[in-house]
Asker: 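Questions regarding the structure given below will be posed in turn.
Bear in mind the structure is a predicted one, so any value in this text is a computation, not a measurement.
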Amino acid sequence: MCAYVITFPIWKGQQWSAFRGHIRLSNEQVLIARFNDTAYIEQELRFLEQHHRVKSKIEGKYLKAVYNLLPMIVQVIRTPSFTDVLFDNCVDWQLTGGNLQHLLRIYFAYDLYKGQSPRDCTLENIMRNGESIVVLDFGLRKRTENYCVYWNPMILKGKQCLSQYQWSLGIMYLVMTNGSFIINEIHKRISIWVNGGKLDLVSLVTTRKQSIISLIQQLLNPDNPIPWEQIPHHSAFRDDPKCKAILKLYEVRSMSDLKIRSASRLSSKQSGRKTQRTSLVIHESTSNSNQSTSNQSLITKISSMYKNKFIEEYKQRCNSSLKSNKQINNFFTNNKMKLKFTTKQSDHTVQLSCDFRSLRTGSNLSNLGLTQRIDDSEDKKLNRRLSQQDIDYDKIRSRVSSIRMAIKEYKARSLRHLSQDSNQLIQNSVENTIPNNYIQLIKRPQVEIDILTSKYLRSLECINIIGQTVAKAIEFLDALQNFWIIPLFLVFKRMLQLRLEVEKFLEAQINSFNIEQWKEVCNTREYLQFLSRIKSDNCLVKNEMILLMKASQTKADQLDKSKREKVLWFLNDNLDTNIQPICFSYMKDQLLLAVIDKKGLQREPIEWLKLQLSLKASIIITQLPVLVCENNEFSYEKYLECQESKNYSQILKYCDQLKINI
């Protein structure tokens, strides 16, 4: 079974396509980039791995904050026909609007691509990630295509382009702050410039702040743009408080990290040493660096001598014990193993007495007498500790004895009380002796819980047919490239409304199916878990609806004013508006006719027929009560049977039974 699920397509290009999906086990939302030609993606995967953007390989590593501007790879799935790359930090899809802070983040992101092949650097490749952005730019677009406004127009005159991505950043700011409709105006002004006129794009800047106007003017200078390295030092970014925080995050932090990593190398250069050393930590104060170096050398020698002396002394003890037949248990049970050895250096004898603790802390014992005094002190402490434990044990034993006596007296009183009173009083006395934390075992209504979950899940599965129909229609009608995305968003929004109604029924504990022991069912853990699961699923569906909404709003901006006003009232995330009538009209009068006429991509006739069946079933479900998703004509089991069938005539027969007045 596949480890991930594709929910619906988001975008489709020549070299790759984007899908929304989630991981099966964790339900984690992911963006799925599918490449039909794996040659394009291998180089990009190597680049992302160099910047630690593979999720399974970054544990325990320090990551620069700027790396978060690149997509995070969750998994790579390779098949003979395609390669799927799963990302988890760009599921919000494209950035449709932005500000100066977004522009600064885009700069730092493309600064990582220095030395790489030229990138597209368009707003279509900038994904939202909360308040930040992620660059999803694989550099696959060929420069032989028609001119794109994000490219420096010097190429239209056949001249060398001196700028790297400066022009692209300037155009991005104009599109982020004005909207995508401004692209047509930019095309017109570039055409005027190519034909010998003046290039005036700065007048499209909406802000009156002179520093921002100056920045855009320098970015959009095709002949002599601002140098790439000077962009983050421009006053437009330095004067903005939020941009200053970004500069600190992406510049100062990475510089400090560089200083930390180069500290040991700098120290080596100053001392004239070229080889790298690993310094030991000594827990004592030293007057100067030379003294510290000598102490380290001395500790190393002592450690080596200690090991050799320990082995020799151990062998001597073993030999002596074999000869004298004496026990050596004290050697192994003693906490400290004392060693006494001498070193001769420059005609001076140094006598050292060491143990494991003194070697670790850097301290030493001057003579054996001090060691003996410490042992005596330890013995006294141990004796005091043992005597105190004996006292504590006596107290515990006395308390246990008193508790046992109290239990015996309580039982005796209870028996006398039971023998004197009547049967009714006996019952009362038993109830009075029940402690407050007594939990009465109640038989769980497991059968009723199973009935509840099966009925609600069946209703939700019928409602989910609508979402599946939308996903398939987006692919077949190529809706992301045309205006079909607008009515399909409306249908998807209606599906979410129906799912939320099911959630409200459960949350209000309405007994819609007349289930027995309803109160007990509502108080069970299974009921609460089922409700929590429905809420979580609805949140995921709402996120998918927002993605479709963004794509629909982009297409709606390209409509004329009269048509745009007709759709803008429902192109939002307000789920309280009544969209049922207009949704039914779009599904019946437009989408169904387009599917019947196969107005889309080239697909097998049986696949178009199955889509027609799904659309008819969706129309019926949207018209029925929320928990009654079947009628005399539509059966969920029959629908599933036809969707899995390869018999064209069988599917057509059942599809004709679903009467929809067109």
Asker: Side-chain contact test, heavy atoms from C-beta onward, threshold under 4.5 Å: evaluate it for Glu475 versus Arg603 and give yes or no.
Answerer: yes

Asker: Are Lys555 and Trp484 side-chain neighbours, meaning at least one heavy-atom pair lies under 4.5 Å?
Answerer: no

Asker: Is any NZ, NE, NH1 or NH2 atom of the basic residue among Glu44 and Arg119 found under 4.0 Å from an Asp or Glu carboxylate oxygen of the other?
Answerer: yes

Asker: Check whether Thr453 reaches the backbone of Asp450 with its side chain - one donor and one acceptor, N or O, closer than 3.5 Å.
Answerer: yes

Asker: For residues Arg128 and Gln94, determine if any side-chain heavy atom of one lies less than 4.5 Å from a side-chain heavy atom of the other.
Answerer: no

Asker: Is Glu604 salt-bridged to Lys646, cutoff N-O under 4.0 Å?
Answerer: no

Asker: Evaluate the side-chain proximity of Leu592 to Lys616: yes if any heavy-atom separation is below 4.5 Å, no if none is.
Answerer: yes

Asker: Heavy-atom count around Glu28 CD within 6.0 Å, excluding the residue itself: above 12?
Answerer: yes

Asker: Taking the side chain as every heavy atom from C-beta outward, state whether Val502 and Leu627 have any atom pair closer than 4.5 Å.
Answerer: yes

Asker: Hey, could you give me the CG/CD distance between Leu136 and Glu124, rounded to the nearest 0.5 Å?
Answerer: 12.0 Å

Asker: Heavy atoms only: give me the nearest Leu593-Lys588 pair and the separation to one decimal.
Answerer: CG-O, 4.3 Å

Asker: Val134 and Leu70: which non-hydrogen atoms are nearest, and at how many Å?
Answerer: CG1-C, 3.7 Å

Asker: Let's go through Trp228 and Asp111 carefully: what are the C-alpha distance in whole Å and the side-chain angles of both, what is the deciding distance for side chain to side chain donor-acceptor pair (under 3.5 Å) to 0.1 Å, and is it a yes or a no?
Answerer: CA-CA 9 Å; Trp228 180 256; Asp111 189 58; 2.9 Å; yes

Asker: Donor-acceptor pair, distance only, cut-off 3.5 Å: does the side chain of Thr83 make one with the backbone of Thr79?
Answerer: no

Asker: Over all heavy atoms of both residues, which pair between Val567 and Ala556 is shortest? Give the atoms and the distance, please.
Answerer: CG2-CB, 4.3 Å

Asker: Do the numbers put Arg34 on top of the ring of Phe19, so that NZ or CZ is under 6.0 Å from the six-membered ring centre and no more than 45° off the axis?
Answerer: yes

Asker: Got a second to check how far Met172's CE is from Leu219's CG, nearest 0.5 Å?
Answerer: 11.5 Å

Asker: Distance check, rounded to the nearest 0.5 Å: Arg105 atom CZ versus Asn68 atom CG?
Answerer: 11.0 Å

Asker: Is there side-chain contact between Leu169 and Leu103, with heavy atoms separated by less than 4.5 Å?
Answerer: yes

Asker: Taking the basic N atoms (NZ, or NE/NH1/NH2) and the acidic carboxylate oxygens, is any pair closer than 4.0 Å for Lys542 and Asp573?
Answerer: no

Asker: Could you check whether the rings of Tyr250 and Phe108 sit parallel, tilted or perpendicular, using 30° and 60° as the cut-offs?
Answerer: perpendicular

Asker: Assess whether side chain to side chain contact (heavy atoms under 4.5 Å, CB included) is satisfied between Ser635 and Tyr654, documenting all intermediate values.
Answerer: CA-CA 10 Å; Ser635 169; Tyr654 182 67; 4.2 Å; yes

Asker: Check whether any side-chain heavy atom of Leu547 lies under 4.5 Å from a side-chain heavy atom of Arg20, and answer yes or no.
Answerer: yes

Asker: Around atom CZ of Arg533, are there more than 12 heavy atoms from other residues, nucleotides or ligands closer than 6.0 Å?
Answerer: no

Asker: When you look at Asn572 and Lys493, which way does the side chain to side chain donor-acceptor pair (under 3.5 Å) test go after all the steps?
Answerer: CA-CA 9 Å; Asn572 50 58; Lys493 184 177 180 179; 3.0 Å; yes

Asker: Assess whether side chain to side chain contact (heavy atoms under 4.5 Å, CB included) is satisfied between Tyr639 and Phe634, documenting all intermediate values.
Answerer: CA-CA 8 Å; Tyr639 168 81; Phe634 173 70; 3.7 Å; yes

Asker: Give a yes or no on whether Glu131 atom CD has more than 12 heavy-atom contacts from other residues, nucleotides or ligands under 6.0 Å away.
Answerer: no

Asker: Only one of Tyr110, Tyr150, Tyr113, Tyr107 passes ring pair (Phe, Tyr, Trp, His ring centres under 6.0 Å) with Tyr165; say which it is.
Answerer: Tyr110

Asker: Please list, chain by chain and in numerical order, all residues satisfying side chain to side chain donor-acceptor pair (under 3.5 Å) with Thr469, sequence neighbours excluded.
Answerer: Ser618

Asker: Is there a side chain to side chain contact (heavy atoms under 4.5 Å, CB included) between Ile449 and Tyr527? Walk through the geometry before answering.
Answerer: CA-CA 7 Å; Ile449 294 172; Tyr527 184 89; over 6 Å; no

Asker: So, taking the atom named CD in Gln580 and the one named CG in Leu498, what distance separates them when rounded to the nearest 0.5 Å?
Answerer: 8.0 Å

Asker: Using the ring of each side chain (for Trp, its six-membered ring), is Phe489 parallel, tilted or perpendicular to Phe570, with breaks at 30° and 60°?
Answerer: parallel

Asker: Step by step, work out the side chain to side chain donor-acceptor pair (under 3.5 Å) result for Asp240 and Gln101.
Answerer: CA-CA 9 Å; Asp240 187 275; Gln101 296 87 49; 3.1 Å; yes

Asker: Nearest 0.5 Å please: distance from the CZ atom of Phe584 over to the OG1 atom of Thr622.
Answerer: 7.0 Å

Asker: Before giving the answer on side chain to side chain donor-acceptor pair (under 3.5 Å), spell out for Gln497 and Arg494 the whole-Å C-alpha distance, their side-chain angles and the decisive distance to 0.1 Å.
Answerer: CA-CA 5 Å; Gln497 285 184 337; Arg494 178 57 185 160; 3.0 Å; yes

Asker: Can you see which heavy atom on Ile182 is nearest to which on Leu174, and at what distance?
Answerer: CG2-O, 4.0 Å

Asker: Hey, could you give me the CD1/CG distance between Ile73 and Asp88, rounded to the nearest 0.5 Å?
Answerer: 10.5 Å

Asker: Test side chain to side chain contact (heavy atoms under 4.5 Å, CB included) on Asn129 and Ile133; report intermediate values, then the result.
Answerer: CA-CA 5 Å; Asn129 184 23; Ile133 59 101; over 6 Å; no

Asker: Search all heavy atoms of Ile515 against all heavy atoms of Asn511 and return the closest pair with its distance.
Answerer: N-OD1, 2.8 Å

Asker: For a quick test of reading the model, state the closest non-hydrogen atom pair linking Lys598 to Pro605 and the distance between them.
Answerer: CE-CA, 4.3 Å

Asker: Under 4.5 Å between any side-chain heavy atoms of Gln643 and Ser614, yes or no?
Answerer: yes

Asker: Would you mind telling me which of Thr177, Thr207, Thr206, Asn99 makes a side-chain contact (heavy atoms from CB on, under 4.5 Å) with Ile212?
Answerer: Thr207

